[in-house]
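Only one structure is covered here, and it is reproduced in the block below.
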Amino acid sequence: MFSAEVYTQRRKKLMQRVENGLIVFFGNKESSMNYSANTYPFRQDSNFLYYFGHDVPDLAAVLDIQSGDEILYGDDLGVEDIIWMGYQEKVNEKAARIGIRMVRSMDKLAGDICKAMAKNRKIHFLPPYREDRKAQLSYYLEVDYAKAKNPYSEELIKAIVAQRSVKDEAETLEIESTLTSVTRPMYLSAMKMAKPDLFEYEISGMIEGLALQQGYSMAYPTICSVNGEILHNHFHGNKMKNGNLLIVDAGAESRMHYATDITRTIPVGGKFSARQKEIYNLVLKAETECISRIHPLIPYKDIHMHASSIIAEGLRDLGLMKGSVTDIVSVGAHALFFPHGIGHMMGLDVHDMEDLGEHFVGYGDEFTRSEQFGLASLRMARRLEPGFVVTVEPGIYFIPPLIEKWEAEKQFTEFINYTKVRSYLDFGGIRIEDDVLVTENGYRVLGDPIPKTLNEVEQVCTI
Ligand code: GLY
Ligand code: MN
C-alpha cells in the first residue's frame with residue numbers, strides 16, 4: 001500500500017471536485033466459482049484501491065462532501081472466522097492506515113444512505129459491473145438498478161476519470177518496475193521456449209508461473225495463440241508447428257494491482273518466413289512511428305489514424321490493397337486487417353477505468369465515437385496529457401470468416417485485392433504492443449526494452 005497521506009490527498013482532491021452530497025464506494029466481495037465457498041481469486045475494485053488501498057473483501061466507504069467526514073464500513077471477524085482465516089486486521093486499524101478516523105459496521109451503511117436520501121441529499125454511486133452489486137444498489141436506492149436510467153453519478157465518474165487518468169511518479173514506477181522485473185522476463189522465456197510440438201498452454205503456463213513465483217498476478221487473461229487473428233483468444237490447446245506465428249499478449253499485475261500489457265509475435269521454431277517478415281515490419285513501423293508521435297495535446301485518434309495509414313500504405317505496396325491511402329482509410333477498408341483500436345489507457349485496470357464507461361475515459365465532450373467498423377473499436381480518441389499511460393498496439397490479421405464475408409458482400413472491391421488476400425488465409429496475425437508514458441515534452445516507453453525487431457526476436461528465439 002501507499003502511505004496514509006497518499007490516500008488522504010487523493011480523497012481530498014476528489015471531494016474538491018464533487019459539489020455536494022455523499023459519495024459511496026463499495027469494495028468488492030468474494031465471487032463464487034462453483035459453490036459458495038469456492039471462490040475466484042479475489043480482485044478488489046480499482047476505485048476502492050485508488051482511494052482506500054485495502055485489498056480485502058467486504059469493505060465500503062462514504063465521503064460526505066459537506067461535513068468532510070470519511071467513514072470506513074466493515075466488520076471485525078469473530079473467533080469462528082479467525083479459526084478458518086487467521087487473524088485479520090481490525091477495521092479501525094485498517095482505517096488508520098489510510099488516514100480515516102471514523103469506522104462503522106457494515107449493517108449501518110443502508111441506514112446511513114437512507115437517512116441522507118430522506119434529507120434529499122445527493123448520493124453518488126459508480127456504475128456496478130457485478131450482478132451482486134446491482135442487487136445491493138437496488139436495495140439501497142429503493143429502485144430496480146438494472147432498469148433505472150443512468151442512476152450512477154456522472155459528476156463522480158468525471159471527477160474520478162480526471163484524477164485517475166494522470167499517474168503520479170509512484171504509480172508509473174509500479175507499472176515500470178513490473179514491466180522490467182516480471183513481464184519482460186516472461187517474453188524472453190516465451191521466445192526461447194516457442195519450439196514446434198509444444199502446446200500453447202506450456203508457454204502460457206510458464207508465463208503465468210513466472211508472475212506467481214514472484215508474488216504477482218496477471219492483469220488480464222493471457223492471450224497465447226497460433227491463431228492470433230482471433231483477437232481475444234483464450235484457448236491455449238493448440239500444438240505449435242514450425243513456421244506458426246505465436247501471438248503472446250500478456251502482462252503481470254503489480255502487487256498493488258497496476259497493470260502491464262505487452263504483445264509480441266514470436267516465430268515458432270525461431271525464424272520468420274519472408275512473407276511473415278513483410279507483414280511484421282509493417283506492424284513494427286506502425287508501432288514505432290505511432291509511439292514517436294506521442295506528446296501532450298495530440299488527440300489519440302490521430303495516432304490511430306496514423307497507424308491506419310501506415311498499414312493501408314504497406315498493404316497496398318504488398319498488393320493486398322489498392323487505390324489511394326487517404327480513400328482507404330476514410331472509408332475504413334483497411335479495418336479488414338486492423339479491426340481494433342491503436343490502444344487504451346492503463347493503470348489499476350488494464351483498460352483503465354473501463355467500468356466507468358469508455359465514453360468518459362476515452363472520448364469526453366470533445367470527441368464522438370465513430371460507428372465505422374474498426375474505428376468504432378477505438379477505446380480512446382481524446383487528447384493526451386502528461387502522466388497518461390497508454391498502450392500502442394497495432395496489428396495486422398487475416399481473419400478468414402471476415403474476409404469471406406466481405407468478399408461475398410463485395411465490400412470495398414475497389415480497395416481490396418481479394419484474390420491475393422485469399423492466399424493469406426492461413427497467415428494468422430501479428431500484433432506488437434508497448435506501454436508508454438506521456439511526458440511533459442513527449443513520451444517514454446516504460447520498462448527495459450523487450451526484443452522487438454525481427455533480428456532481436458530471432459536472436460532470442462534461437463538461444
Ligand atoms: N491486452 C488485451 C487488450 O488490450 O485488449
Ligand atoms: Mn492492450
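Computed from a predicted structure; not experimentally measured.
No donor-acceptor distance shorter than 3.5 angstrom exists from the side chain of His306 to the backbone of Cys290, with no hydrogens or angles considered. Using modelled atom types, no side-chain atom of Arg130 and backbone atom of Asn28 make a donor-acceptor pair closer than 3.5 Å. In this structure a side-chain-to-backbone donor-acceptor pair under 3.5 Å is present from Gln214 to Leu210. Asp435 places no side-chain N or O within 3.5 Å of a backbone atom of Leu446 that could act as its donor or acceptor partner. A donor-acceptor distance shorter than 3.5 angstrom exists from the side chain of Asp168 to the backbone of Ala170, with no hydrogens or angles considered. A donor-acceptor pair is defined here as one N or O able to donate and one able to accept, closer than 3.5 Å; no such pair exists between the side chain of Thr183 and the backbone of Gly251. Although no hydrogens or angles enter the test, the distance criterion places a donor-acceptor pair under 3.5 Å between the side chain of Glu287 and the main chain of Asp434. The backbone N or O of Gln372 lies less than 3.5 Å from a partner atom in the side chain of Ser370, making a donor-acceptor pair. A donor-acceptor pair is defined here as one N or O able to donate and one able to accept, closer than 3.5 Å; no such pair exists between the side chain of Ser189 and the backbone of Met186. At distances below 3.5 Å, not a single donor-acceptor pair connects side-chain atoms of Lys322 with backbone N or O atoms of Asn417.
Contact check on Arg293 versus Glu289 returns no salt bridge, with no Lys/Arg side-chain nitrogen under 4.0 Å from an Asp/Glu carboxylate oxygen. Salt bridge annotation for Asp355-Arg133: absent, with no cationic side-chain nitrogen under 4.0 angstrom from a carboxylate oxygen. In summary, Asp249 and Arg431 engage in a salt bridge, as defined by a charged side-chain N under 4.0 Å from a carboxylate O.
Ring-plane geometry between Phe373 and Trp406 is classed as perpendicular, the angle between the planes exceeding 60 degrees on a 0 to 90 degree scale with a lower cut at 30. Ring pair His359/Tyr363 is parallel by interplanar angle, where below 30° counts as parallel and above 60° as perpendicular. Aromatic ring pairs are classed by plane angle as parallel below 30°, tilted from 30° to 60° and perpendicular above 60°; the pair Phe2 and Tyr7 is tilted. Using the six-membered ring where Trp is involved, Phe125 and Phe26 have ring planes that are parallel, under 30° apart on the 30 and 60° scheme.
Taking both residues in full, the closest heavy atoms of Tyr418 and Ile403 are given as CE2-O, 4.0 Å, listed atom of the first, atom of the second, then distance. In this structure, Ile311 and Leu282 approach most closely via the heavy-atom pair O-CD2, 4.1 Å. Contact record, Asp352 with Val361: O-CG1, 3.5 Å, taken as the closest heavy-atom pair. The two residues Gly347 and Lys167 have their closest heavy-atom pair at CA-CE, 3.7 Å. Between Lys420 and Leu318, the shortest heavy-atom contact is NZ-O, 2.8 Å. Of all non-hydrogen atoms in Gly447 and Thr180, the two that sit nearest each other are CA-OG1, 3.3 Å.
Annotation: side chain of Arg422 is in contact with side chain of Leu425 (closest heavy-atom distance under 4.5 Å). Contact of the Arg382 side chain with the Met380 side chain is registered, since non-hydrogen atoms from C-beta on lie closer than 4.5 Å. Considering only heavy atoms from C-beta on, Phe338 comes within 4.5 Å of His334 through its side chain.
For the residue pair Asp349/Ser46, the side-chain donor-acceptor check at 3.5 Å is satisfied. Using a 3.5 Å distance cut-off with no hydrogens or angles, the side chains of Tyr397 and His340 do pair a donor with an acceptor.
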TODO: Evaluate the criterion side chain to side chain contact (heavy atoms under 4.5 Å, CB included) for residue pair Cys224 and Val248; output intermediate values, then yes/no.
DONE: CA-CA 4 Å; Cys224 176; Val248 179; 4.2 Å; yes
Open item on the list: Please evaluate residues Phe398 and Glu229 with respect to the criterion side chain to side chain contact (heavy atoms under 4.5 Å, CB included), reporting the C-alpha separation (whole Å), side-chain torsions for both, the decisive distance (0.1 Å), and the verdict.
Closed with: CA-CA 6 Å; Phe398 294 86; Glu229 76 282 5; 5.7 Å; no
- [ ] For side-chain hydrogen bond (donor to acceptor under 3.5 Å, both in side chains), just list the numbers for Glu208 and Thr222, CA-CA rounded to whole Å, side-chain angles, deciding distance to a tenth of an Å, and then say yes or no.
- [x] CA-CA 8 Å; Glu208 294 179 13; Thr222 299; 2.7 Å; yes
TODO: Dump the intermediate steps for side chain to side chain contact (heavy atoms under 4.5 Å, CB included) on Met353 and Tyr50, then the final yes or no.
DONE: CA-CA 11 Å; Met353 300 172 277; Tyr50 187 81; over 6 Å; no
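Of the listed residues (Arg444, Glu171, Glu169), just one forms a side chain to side chain contact (heavy atoms under 4.5 Å, CB included) with Glu176, and that residue is Arg444.
Separating the CD atom in Gln44 from the CG atom in Asp55 is a distance of 6.0 Å, to the nearest 0.5 Å. Distance NE2/His344 to OG/Ser377: 12.5 Å, rounded to 0.5 Å.
Taking the ring centre of Phe427 as origin, the terminal cationic atom of Arg275 falls outside the region bounded by 6.0 Å and 45° from the ring axis.
Ring pair His232/Tyr220: centre-to-centre distance not below 6.0 Å.
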